[in-house]
Structures are given as structure tokens and as C-alpha cells.
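In the text below, chain A, chain B and the rest are named by the order of the sequence lines, each starting its count at 1.
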Number of protein chains: 2
Amino acid sequence: MKSVGVVETRFLDLPRPLPLDCGRDLTGVRVAYETYGTLSPDRDNVILVCHALSGDAHAAGVAASPPEEGTREGYAKGLGWWDGMIGPGKAFDTDRYFVVSTNLLGGCRGTTGPSSTDPATGEPYGPDFPVITVADMVRCERAFLDELGIDRLAAVAGGSLGGMQALEWAVRYPTQVDAIVVIASTHALQPQGVAWNAIARESIMRDPDWQGGRYYGTGRSPDAGMGVARMVGHITYLSAPGLAEKFGRRLRDGLNYTITEPEFEVESYLRHQAAAFVRRFDANTYLYLSRALTYFELGPLDDVRARTLLISFSSDWLYPPAASQEIADTLTKLGKSVENHVIDAPYGHDCFLLEEARQTPIVRRFLEGRA
Amino acid sequence: MKSVGVVETRFLDLPRPLPLDCGRDLTGVRVAYETYGTLSPDRDNVILVCHALSGDAHAAGVAASPPEEGTREGYAKGLGWWDGMIGPGKAFDTDRYFVVSTNLLGGCRGTTGPSSTDPATGEPYGPDFPVITVADMVRCERAFLDELGIDRLAAVAGGSLGGMQALEWAVRYPTQVDAIVVIASTHALQPQGVAWNAIARESIMRDPDWQGGRYYGTGRSPDAGMGVARMVGHITYLSAPGLAEKFGRRLRDGLNYTITEPEFEVESYLRHQAAAFVRRFDANTYLYLSRALTYFELGPLDDVRARTLLISFSSDWLYPPAASQEIADTLTKLGKSVENHVIDAPYGHDCFLLEEARQTPIVRRFLEGRA
């Protein structure tokens, strides 16, 4: 497959304060972004791509600057997190569309978030960063696109938290979005998902190195707690059969009667994933995005005009197909245009990053407007 | 329902060292135990009850000494953890059977474990306690019953880790066990269960207050990490529909835009459970029992003579009905006597402690030898 090639992340400063759901205004917001493809003269071929909790603006191509070590396959090579889906001839076809990807509000990869400098104090925000919502992220994306001179979107697309943003776009700016592509997402996290997120946040905040969120510049950060948070995440992103297929009960090196060292392959996998993640991600951003995830409850769909594509995965127990079905049913009852696909695949929530070959024809056909 | 009344936990010191799977011998082992009912003159009416990770010897009746604050309903009143199942006219009928319950090897409620004094040093074992297995627990129970002059068991019964012990009894001492009652258990934890246990242990060991396991007498203990471990446990013991029914997405007090405080009812439930648990349980015991759980792999069933009763619960995703079915199929192929019941109930693994009314007739009929 062809690639969009080498890409450099760029930055744009919003000229006006961003109003937030909590009642505060955030000033001096910077947005990190990348674009792929060419904007049409009519500016009618723009697709906004929204990332999930641990993603960033670098969605496609090869990063111009060498990336930090990461956990995703391809990450170490500098490949964008959705490179299999964005590019010439791919699902989001850059021969036809102008694809825009931003790091979301609250992020730690270039867009203003808790690790950014608070202009009021000259110090990192830390716990003084306002508590943000998915609607705030979407407001930030809207303000950013205003600066690029883009009024309408041919589509907004994303998986997981990215899918929540796509849904929020269709509700909040119904006349400005032609279509949304919502993958492995939901209108509201189920209580079990709320609980997993609470556990992840507890794990970070109970780490003494979190220091109430003011760990920047102290030489210490809550790596131990965030490692556990990431382990919880990884197991919820995979399915039980997927884990059984990938690891079984295989031991690393026989039975060593040890409490402190990993014995099973799945145990050392978890340690490795945790260690890699804490090197590239900010703990406070994790807390804020996790909180936004749990808050999200999609508003009424009556005014939605966007054609909607929903994709979910049979083994995804965190964002189960039933949630997508519920959205589809509501839209259908309201007489809206909606397509719902459940892909039968064993790798749980992670499928949205893995099952690119099976998503591609569905997305391409949908974007071309064919039923 | 009638109760066995007020019960005092007693203690027995094993006269001989206990040989362990790891190759070490454990000397000076003390066993905490309770008994309910009357031993028959022929000593042929003994049922050994085995507890799960967080249980203890106090399985039935009201504790003579006021208990510490606990997390289980009834615990605060001093009721045994399986009081609904053990007593006059109950599933394990003390009008007929002599029920024996011990705190398992490695425990922290009276039986020798990592918080006990190492006779070699006069200090608590801590991380010097040998890594134990389910087979070691069963060897300890066998040695303990020898001291009581009990050779044969009419039954061994338990749920979860307790069910593993019952299975191990039938394999290890086939001529000494007439029947086993194995509830919500498995022949080997699936990889996802291995992973949850690894995450719980990581959470404890990454807490600086764990101090490499030598926290006794320091005034500090890894409460923060064990709290997170317990939260993970609680969510795996419940099912997603059970959580939805119990908590939904209900907020405690509107939306307060807070990272540090619980917003959803399920979040404050988790904090409460964690706080209550760390007050009554030893972190090293948690580590050792969790490790034993993951190691367990039931040996060949060819020599089993015990009649086997398996009960599992439709919504138990940690110890799924499929595991019990696998055991039942293997026993059936070998021509052994086995009964397998799947109870349709929504509360996940916790069902084994909750669904007493539905288990009782199954267990009573099985123990009476009626099909």
C-alpha cells in the first residue's frame, strides 16, 4: 500500500479563548495537527480524524522526527496510528480527501493539556487544568478548523473516544457535517467501563509520585501507577479468547516459584506494555481523558443530518456491538440515514486498530455514498 | 433459618514439617479452624469446606469475638462467609454432617502465612515465606485432619479457589474422598484471569509501602496498592449486566467536574470496598494466594473416585461455565460419576456467595446420593 510519506506535525494557536462545559474559558490553546492529501478548491473534501485515549495528531505516514519508543507495532518505525486506514487508495483516500488530524484538547502530544504551561502562572497546569469533556474537545476542533478556513466537513471519523467525538460533532454542528464514521464506540460508557476507568485513575492518583498532579519538574512521575492503569487498559482492550489465542497459559521459563517475577508470558507482556507506555504518555492527560470518557453521554439525535456509519466488533466487550446497535436503532426510528456493521473478529476493542482490511471496503463504500 | 450459633475459631499446630511443591519444608505450621455439627462415632460424616481468596476459617455461625469491619454483607455482624449454606437444615446440614472449615495455608486469619513469625528468625516471614500451591494447601488440610483423627471425608466443598482445593483433594487423595462439591471454579485459570491476578499483584508490589514485602512493624503497609487490587477483583467478580443493574450510570450528586473525587455511584462503591478490605486483609497473603491461583492446573482425573458435583453461574466470566463443562466432560469420558449444573444468574462470580437458595437443593440432593 502507498503511504502519505514523511509528515511533520504542525501547530496552530487559537486566537480566542475556548469556552468549556465546566464554565471556565481556556486561553492560549495550541493545537497540534497534521494534514494528508489536498484541499479541494471548494473546500468540500475535508475529513476530520479523531484519535482515542493514547493517540496523537500523527495518524498517517512516517513522522519527520524520530518518535519515542512506543507500544504499538509500527510506532517505533514512526508510522501514524491509523496509517493502514489513511493514504492513497486507503479507507480515507488521500487521493480524494483532505484528511485533518489533531491531537485532542487535554492531550500531551502538542495540543494544550495539563502538562502545558498555564499562561496565568508560567508553570504547568497540572491539577489546575480545567476538567474537560468530549464536547470541549469538539469545540476545540471546530475553533481550529475555523482558523484553517474550513466550514464544512465531508466526514468526521474516529474509534473509541474518537468515535465519541464524531458523534458529538453530528449532534453539536448538524449543518456542518455530511457524514460520521463511528468505530468501536458508544453513546455512553457502560458502568463496567466507568469502573475500569475509575480503577485506572485511582492507580495513578494513589502513586505517591503523582504528588497531587504537580509532578512536573520534580524528577519523579507516577510511572508505577500509570503502568498498572495501562495494564488494566490492555486487558480490557483484548478479549478473553484473544488472550487465550495469543498467550494461552504458556510459561516463560518453566515454574520458578516466584511472586515478584513474571512466570506466564501474559505477565511479562503486561510489564512490557506498561514500561513502554509510561515513557511516552503523560499521567495527568491520562486522568483527564479518562474522566472525559466516563462523562460522555450523547445528546438527542433529532437534529442530526449527517449520514452515519457505525462499525463494531463482535468480541469488543468494552464498547460492545449492542451500544452501536442502540445508536443505529435510535437514528433509524428518527428516519436518519444510518449503516451498522458488526465485524466478527476475536481481538476485542483493539480490533479497530487491527482489522483495517475488513473496515476499508465498508468505509470506502460509505464515503462514496453507495449503500 | 437456624444457625450453628456462636463459634470460636480454634488453632492446631501440626507436629511435623509440611513438605511443599517448591521443595522446601515448612515447620511449625499452625492451622486456624472451626467445626459445626457432631462427628459421628464412625467418623464418616465429615465435610471439609475450603474458602476462596479473601475468606477465613469462620464459615458459619456468629463469631465469638467481634470481627473487624469487613466488606461482605453480614461480615460486620460476625456471620461466617458461608452461613447461608452451612447449618441445621441447610445445604451442608449440620444436623447430619460434621463440617470442618480451616483458614488455608498462606492465609492471614490464623493459619501460618507470610505474616506469621518465621521460627528461624523470630521475625515475620514476609517475602521469605515459601511460594505455595493449591496442592500445598491440600497437603496442609490433610495433615490437619490427621491430627483430628479423621481419615475419610464424606465431601470436600468450596467455591473459586476453594473449588480448586476440592478438585485437588479428589486427585491427590482419591481413596479418602467420597464426594466433591466444586462451585464457580476451574481446572486452570484462563489467561485473562492470570492477567487480572498479575495486575492485582503488580499494584501491591509497586506501592512503595510494600517495601519488598517487609512492611510488618514499619507502621506502613501497601494499602493504596491493595485497594486497587481489590477494586480490580470486585469488577471481575461482578458481571457487566450486574453492574448496570446495581449502579447504572447514576451520579452521586450531579456533575462536579472533578478528577479526584468520585462522580458515579460505582466509583464511590469501589473506593468503599477498597478501604474496607485493606483494614482486614494482609497484602502478602493476597500476593501468595493470587500466585497459587494462577499456578493451579488440575492433574489427570483417571484415579478420581469421588462423586463430583459442579455448579457454575451463567454470568461468571472469571470462572466461566465452560470450565466446569470441560471438567464434567473429562470425568464423563472416564466413566466417573459427575453432575454439572449451570445456574442462570446475573451477578457473575459473586453468585457463589449470593445464590445460596438455588444452590441448596442441588447440594442437598447430591450429598444424599440422589441423582
Quick check: do B:Y216 and B:S115 have side-chain heavy atoms less than 4.5 Å from each other? yes

Side-chain heavy-atom pair B:F129, B:T112 within 4.5 angstrom cut-off: yes

Looking only at heavy atoms and a cut-off of under 4.5 Å, which of B:Q190, B:R201, B:E263 has the most pairs with chain A? B:E263

Selection from B:T260, B:T133, B:T258 maximising heavy-atom pairs under 4.5 Å formed with chain A: B:T258

Report the relative orientation of the aromatic rings in A:Y286 and A:F281; use parallel for angles under 30°, tilted for 30 to 60°, perpendicular for over 60°. perpendicular

Looking only at B:V266, B:L189, B:I132, B:D209, the option with the highest number of non-hydrogen pairs under 4.5 Å against chain A is B:L189

For A:A188, is it the side chain, the backbone, both, or neither that has a heavy atom closer than 4.5 Å to a heavy atom of chain B? both

Under-4.0 Å salt bridge between A:R206 and B:D223: no

Please look at B:L287 and chain A and tell me whether the side chain, the backbone, both or neither of the residue comes under 4.5 angstrom of a heavy atom of that chain. both

A:Y288, part contacting chain B, at a heavy-atom distance under 4.5 Å: both

Using 4.0 Å as the upper bound for N to carboxylate O, is an ion pair formed by A:R271 and B:E202? yes

Got a sec, which residues hit ring-ring contact (aromatic ring centres under 6.0 Å, His included) with A:Y295, two or more places apart in sequence or on another chain? B:Y257

Can you tell me if A:Y237 has over 12 outside heavy atoms packed within less than 6.0 Å of its OH? yes

At a heavy-atom distance under 4.5 Å, which candidate from B:G242, B:P127, B:P191 has the highest pair count against chain A? B:P191

Need one label for A:I259: side chain, backbone, both or neither, based on atoms under 4.5 Å from any heavy atom in chain B. both

Leading residue by heavy atom contact count with chain B [cutoff under 4.5 Å; candidates A:N197, A:L238, A:D207, A:D21]: A:D21

Max heavy-atom pair count under 4.5 Å with chain A, selected residue of B:Q192, B:R249, B:M231, B:R250: B:R249

